[in-house]
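These notes concern the structure reproduced below.
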Amino acid sequence: MLKLLIATHNWMRRLVLWASVILFFLVALSILILRYWALPAVEQYQGEIAGAIGKAIGEKVEIGNIEADWMGIHPHLVFGQVKIYDRAGNPALSLDRIDSNLSWLTFLTGEIRFSSLEIDKPRLGIRIGENGTTYVAGIPVAQGTGKSALSDWLLHQSRVVIRDGFLLWEDDRSGNPPLMLGSVDFALINSGNHHLFGLRASPPSDLSSPIDLRANLFGDSLNDLSTWRGKFYARVDYANVSRLRDLLPIPRQILDGRGGMRVWLDFSRLKPESVTADFALSGVRARLGSNLPEIGMKYLKGRVGWSNVEGDREFFTRNLSLETYSGERIGPTDFLLQRIPAKHGNAERGQISANQLDLVRLRKLAAYFPLPDGIRKALGEYSPAGRISDLQVNWKGDEPSSVIFPWQKPPANPPERKWPIPPHYSLKARSSNLGLSVSGKEFRGISGNLDGNESGGSLRLDAHRSGFNFPGIFETPVNLDTLTGHASWKNGENDVKVSIENLSFSNPDLSGTAFGTYDTQGNYADFTAKLSKVDAKSVWHYLPLVVGKDARDWVKTGITGGRSDDARFRLKGDLDHFPFRDGRDGIFRTTVHVENGSLAYAPGWPKIESISADLLFEGAGMEIHSSHASILGAKVTRCKVGIANLDDPHAILEVDGDASGPTEEFLRFIDQSPVSGFIGGFTSGMHASGDGSLKLKLHIPLQKVAETRVEGNYIFRGDKVTGTAIPTIENLSGMLEFSEKGVNAKTEKPPSWEEAPPSMHLPGKTEA
């Protein structure tokens, strides 16, 4: 057996050796025949060569003359006065000279093959018909039978070069006039199904600067482009986009413009997979999605790209700047929108990132950009303002919104979809002067860092000139000069828990700190704030609308001055029961210690001034307790002002106070208050010496101040009283009681007036 194997091996080795020797001699013989017999007599075979070339390209070919020599190991043929006829039998293309090197593959394939074809200064016409067929000099190059068509024959030549040619380009589908290209240099290099080509050409100077077009392609036959794939690159330093889009792979989203560009296009099976374009254009018209409106721009600069590879979709910009004709500007902006659908057992995922976004301008231009439906809807609903930088959003799971990319055709009847939150996401961003409108509530001037995911997140605030406007909660917007602090939240299955820590705020009215928590489940809040500076006359500004209008108006006009260095706020309970009238469902308490305050408690009544008081809002009520104050120079030793139910539309203001001081000041108090009217001006013109004490109670309906009820008395001792309507009274002692109905005086018998009665009654206007 071993001897048999050795014998077989030796026999096969001798066979290969003899075959190699025979092949060598055949090749050598072929070279000798070509060199000494065929090439010197090549003109005798001129007709046969023209016929063979014509059969290969599928058209009639005539050759005027042929010259032959050697170029290295390749036969070198020069064809003169070559004519190619169209199918109607008319001359379609005339070439003065073609330099070629014959390929040895000709003898293996039975088809004329050249290792090199070089053509100088040809004049060529290329036309694309309405049905998409391409014609070169009237000859269809994308049609033919098998491998005999001109298009496929060119792909079988190793190298094709055109120098200094002239090209007339026509596209019957565009309706544009023919395009004339001069100084055309073209090179095509083929290696099997791999094809490289480059084209340089000069259009008319008013249309474009020289064009540079290159390609790296893979495919077998131009008769079946569905199997081709590859890359195109085009560059032009100045161009009229609308005129050159039929020649260059310009993204179809750019409809018109003037300027320079570079374009990279990847495609497979007749479908673009990615396009990247660098632009520096002016006078731009663009439509960035088939379902989006057209946008006009003064200029467009930067890089724009999109891709769609096996369903993985991406849209991005780099240093993108633009300005619309309406004056809206964007840029320079880096933006990325990516979506990878669920496949191979992996859930869908995606991301959005941006280096900076001007939200006002983005909101105005959102209709023109291929944004997710949810983002576009959110921009409309929340009216965001300010800037967001270093934005990074990632999600995994359910698609957060239907994303229509520029290359997609929108569905005929797109379903109505909300913007659901995916099961897994993360969000990071920095905001500057951010403003939002949420269900009619507005925030503005918010600056800070946001970091969150499906489990929770945090917000670090560092804002200046911020504020908020809560119509239906506060009467006027609240403005803040500074707002700093930290907030965090945790997402539960059915609720969100919010925690606020180290919150500091200030404006000309107040400054302070706050902390607390809020739970969406049960609408439960627990907040505490301490204010180190409060302008008392601005307190009304921060009262919620749950406090009735009449009560708020009284606080607004009644507290006319004062400052506090110690104010505290406490809120705890279910906000559905706010302001916790009965005190059982929660706590709502605000205390403010006021110094040097002033109080205009009712129209027409003298102010209480120089107040040292404690202001208390608790539940549905308000109270002011003063330890000392003054009225027209008299010392107020005790004063209580209150409204039992602030949200009562028929709220009642109660005033109860004690004062002591010179009787002269109390007479002035009567003259400058409604009491003077109650007693018919009886004390007008009176003067007194001595001191006394006053007790006063007022019951003031805030909606009907004219129905105010008054209860008061003044105790005087040893006074001297003079007036125009009464004689002088010495050492007068007694009590003066008054109400809205009149005055009743009870006096002791003065020594200087023997006939003076022990008491007298002065009717008020109600009894007149």
Side-chain angles (χ1 to χ4, degrees), residues 50 53 57 59 61-69 71-72 74 76-86 91-103 112 114-128 134-139 141 150-151 153-171 176-190 195-217 222 232-240 243-244 246-249 260 262:
I53 296 175
I57 68 175
E59 308 296 340
V61 176
E62 288 185 356
I63 301 175
N65 58 77
I66 300 178
E67 299 177 4
D69 59 5
M71 183 70 68
H74 293 281
H76 178 222
L77 303 177
V78 179
F79 302 100
Q81 304 302 316
V82 178
K83 292 182 179 181
I84 301 177
Y85 292 80
D86 61 21
L93 180 62
S94 296
L95 303 173
D96 293 337
R97 176 186 174 94
I98 300 177
D99 278 87
S100 68
N101 292 328
L102 191 65
S103 172
I112 295 292
F114 295 97
S115 61
S116 176
L117 273 175
E118 298 183 3
I119 305 173
D120 290 332
K121 298 182 179 180
R123 297 180 65 85
L124 190 63
I126 297 179
R127 180 174 67 87
I128 300 178
T134 301
Y135 299 86
V136 177
I139 302 170
V141 298
L150 173 59
S151 56
W153 182 78
L154 287 173
L155 296 182
H156 296 160
Q157 313 313 307
S158 298
R159 179 172 174 268
V160 179
V161 177
I162 295 176
R163 297 187 183 92
D164 197 19
F166 175 86
L167 178 63
L168 182 67
W169 178 275
E170 300 175 273
D171 191 338
N176 293 330
L179 177 63
M180 295 178 290
L181 302 173
S183 302
V184 177
D185 292 328
F186 173 84
L188 172 64
I189 299 175
N190 301 301
H195 316 282
L196 300 172
F197 86 78
L199 171 70
R200 294 180 184 272
S202 297
S205 58
D206 61 337
L207 181 63
S208 167
S209 61
I211 295 171
D212 185 358
L213 181 62
R214 307 174 197 177
N216 184 3
L217 308 174
L222 290 176
F232 281 98
Y233 166 79
R235 173 177 175 172
V236 59
D237 294 331
Y238 169 80
N240 181 327
R243 289 293 308 277
L244 288 184
D246 300 320
L247 185 63
L248 300 178
R262 295 184 299 171

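Counting begins at 1 with the first residue of the sequence.
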query: Of all heavy-atom pairs between Q157 and F114, which one has the smallest distance, and what is that distance?
result: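 That closest heavy-atom pairing would be OE1-N, 2.7 Å.
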task: Looking only at non-hydrogen atoms, find the nearest pair between L213 and A234 and report the distance.
output: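 So the minimum-distance heavy-atom pair works out to CD1-CB, 3.8 Å.
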Could you grab the distance from atom [atom1] of [X] to atom [atom2] of [Y], nearest 0.5 Å is fine?
X	Y	atom1	atom2	result
E170	I128	CD	CD1	10.5 Å
H156	N190	NE2	CG	8.5 Å
L217	L155	CG	CG	9.5 Å
I211	L179	CD1	CG	6.5 Å
I189	F197	CD1	CZ	12.0 Å

Side-chain donor-acceptor pairs under 3.5 Å in residues 116-125, sequence neighbours left out?
| unit_1 | atom_1 | unit_2 | atom_2 | d |
| --- | --- | --- | --- | --- |
| S116 | OG | R159 | NH1 | 3.2 |
| E118 | OE1 | R163 | NH1 | 3.1 |
| E118 | OE1 | R163 | NH2 | 3.4 |
| E118 | OE2 | R159 | NH1 | 3.0 |

message: Are more than 12 heavy atoms, taken from residues, nucleotides or ligands other than R127, located less than 6.0 Å from that residue's CZ atom?
response: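 Yes, because the 6.0 Å sphere around CZ of R127 holds more than 12 heavy atoms from other groups.
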- request: State whether the side chain of S208 and the backbone N or O of Y238 hold a donor-acceptor pair below 3.5 Å, judged by distance alone.
  value: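 It does hold such a pair.
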- prompt: Do the side chain of S183 and the main chain of S202 share a donor and acceptor less than 3.5 angstrom apart?
  reply: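 Checked: no pair found.
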message: According to side chain to side chain contact (heavy atoms under 4.5 Å, CB included), who are the partners of N216, at least two apart in sequence or on a separate chain?
response: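 Side chain to side chain contact (heavy atoms under 4.5 Å, CB included) check on N216 returns H194, L196, F218.
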task: Mind checking side chain to side chain contact (heavy atoms under 4.5 Å, CB included) for P177 and listing every partner two or more places apart, or none if nothing turns up?
output: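 Residues passing side chain to side chain contact (heavy atoms under 4.5 Å, CB included) with P177: R243.
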query: For L199 and V184, what are the C-alpha separation, side-chain angles and deciding distance, and is it a side chain to side chain contact (heavy atoms under 4.5 Å, CB included)?
result: CA-CA 7 Å; L199 171 70; V184 177; 3.5 Å; yes
message: Going by side-chain hydrogen bond (donor to acceptor under 3.5 Å, both in side chains), name the residues that satisfy it together with D99, two or more places apart in sequence or in a different chain.
response: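 If we apply the side-chain hydrogen bond (donor to acceptor under 3.5 Å, both in side chains) test to D99, skipping adjacent residues, the hits are H76, R97.
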field: Contacts of R214 that satisfy side-chain hydrogen bond (donor to acceptor under 3.5 Å, both in side chains) - sequence neighbours left out
entry: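 side-chain hydrogen bond (donor to acceptor under 3.5 Å, both in side chains) list for R214, sorted by chain: D212.
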message: Could you check whether any side-chain heavy atom of P203 comes within less than 4.5 Å of a side-chain heavy atom of L181, counting everything from C-beta outward?
response: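 Yes, close enough: below the 4.5 Å cut-off.
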field: Residue list, salt bridge (Lys or Arg N to Asp or Glu O under 4.0 Å) with D237, at least two apart or on another chain
entry: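 Result, salt bridge (Lys or Arg N to Asp or Glu O under 4.0 Å) vs D237: R235.
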